[in-house]
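Data block below; observations after.
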Amino acid sequence: MATRETGSVPELPEVETVRRQLAPHVEGRAIAAVTIDDPRWCAPDAPAATAAALRGRTVRALERRGKHLIWRTDAGTLLLHLRMTGVLLVDPEPDAPYRRVEIAFDDGPTVWFCDPRRFGTGRWFADPGAADAHLDARLGPEPLSDAFTGDALRAALRGRRAPVKSLLLDQRVVAGVGNIYADEALFLARVHPLRAGGAVTPAACRALVDAIRTVLLAGIDAGGATIDDFRHVDGVTGGFQDDFLVHRRAGEPCPTCATPVARRVVGQRATYSCDRCQTPPRGAPAPLEGGRRAGPILRG
DNA sequence: CGACACTCCTGATGGC
DNA sequence: TGCCATCAGGAGTGTC
């Protein structure tokens, strides 16, 4: 049995992969029982109320918006977010650790939401329109949709003085991009992460849109190719982390020009770039010392 | 409103 | 070998 890479924090490609894998298990099925072990998961709503609302609902469609997993039912919508370390397991081993929620289906699987750091969330909306409004208030365009254009990105960055890297992580600028794919896309587009958002040229915005699409699609391809079961929290095969160009590669040669990859902290996030391929703005601080690796890659 | 610090949480890591 | 401070990070909140 193949095992699954949980390696990186889930971003759009990982959530999309989960959606594709999970959908055939849950769509069209009715929820028989829900157990919420961790009240933080559905806060500020009470676990009992959330569990009661879900019980008896039939899942009509499993969708995704940004990094949110949308469970559309016959009467209401659940918005689930994996955050840092959340995973969904289908018919898990009984000793799978860190269970926070169990959803048992009629004539179907049991799904566990497991999450060691307990950052993951699940919010129930009896009114589906309220769920969509909740998302629309927090999320910018879907990066793989026609709405995400160079002009749209340019408009979102115009006048902003914060580093473009930080702005790409702002879900209102573009939905679904996280720390890994932001670094990779900036490298592909040859835009330095420290450049002020408002100083990114229209041409660079177009390149950035293309690059974001490229890295997200590559991530989806890698996830789809390597994630093939939901039974184990730990254990792993392959994954996009083997394909990073600069992310978590401080000190290693740039794949384009062999200059050592630079590491900095931008917006309180580890940030990797090639300071030759991606021209730093004037006054950019020097990279951090050494080629030492960043933090741990969490496995399960 | 924008920018930024802080907070949540816990496993992995590295220095001593 | 063991202890323990530090780090990682999505997104919400608070401050200026």
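This one's a predicted model, so the numbers in the text were calculated from it and none came from an experiment. Reminder, nothing fancy here: chain letters follow the sequence lines and each chain counts from 1.
Between A:W41 and A:F113, the ring-plane angle classifies as tilted under the 30° and 60° cut-offs. Using cut-offs of 30° and 60° on the angle between ring planes, the pair A:F125 and A:H134 is tilted.
Within the structure, every side-chain polar atom (N or O) of A:R117 is placed at least 4.0 Å from both OP1 and OP2 of C:dG9. Close to C:dA11, at under 4.0 Å from its OP1 or OP2, lies a side-chain N or O of A:H81. Within the structure, a side-chain polar atom (N or O) of A:R138 is placed less than 4.0 Å from OP1 or OP2 of C:dG12. Proximity of A:R40 to the phosphate of B:dC9: a side-chain N or O atom is located under 4.0 Å from OP1 or OP2. Regarding contacts with the backbone of C:dG9, every side-chain N or O of A:R83 stays at 4.0 angstrom or more from both OP1 and OP2. When the side-chain nitrogen and oxygen atoms of A:Y98 are compared with OP1 and OP2 of B:dG11, one or more of them lie within a distance under 4.0 Å.
Distance, A:M84 CE to B:dA12 P: 14 Å, rounded to whole Å. C:dG10 atom C1' lies 15 Å from atom CG of A:L168, rounded to whole Å. Here B:dC8 presents its C1' atom at 18 Å from CH2 of A:W41, a figure rounded to the nearest Å. In this entry the distance linking CG of A:L194 with P of B:dC4 reads 11 Å, nearest Å. Taking atom CD of A:E14 as the reference point, atom P of C:dG10 lies 11 Å away to the nearest angstrom. Atom CZ in A:F244 sits roughly 13 Å away from atom C1' in C:dA8 (whole-Å rounding). Whole-Å rounding puts the A:L169 CG to B:dA3 P distance at 14 Å. Remark: P of C:dG10 and CG of A:L80 are 17 Å apart, rounded to the nearest angstrom.
Ranked by how close their nearest DNA chain B nucleotide is to the 5' end, A:Q268 and A:G159 are led by A:G159.
Picking from B:dA3, C:dA8, C:dG9 the nucleotide with the shortest atom distance to the side chain of A:L167 gives B:dA3. With B:dC4, C:dG9, C:dG10 as the candidates, the nucleotide lying closest to the side chain of A:K67 is C:dG10. Listed nucleotides B:dC4, B:dG11, C:dG10 differ in distance to A:F119; the shortest reach to its side chain belongs to C:dG10. Of the candidates C:dG9, B:dC9, B:dA3, B:dA3 carries the atom nearest the A:R161 side chain, counting heavy atoms from C-beta on.
Taking a cutoff of 4.0 Å between a charged side-chain nitrogen and a carboxylate oxygen, A:R65 and A:D132 do not qualify as a salt bridge.
Using modelled atom types, one finds a donor on one side chain and an acceptor on the other under 3.5 Å when comparing A:D275 with A:S273.
Using a 4.0 Å heavy-atom cutoff across all strands shown, A:R269 reaches at least one base atom of the nucleic acid.
Among A:L80, A:T77, A:T73, A:L79, the one residue that satisfies the side-chain contact (heavy atoms from CB on, under 4.5 Å) test with A:W124 is A:T73.
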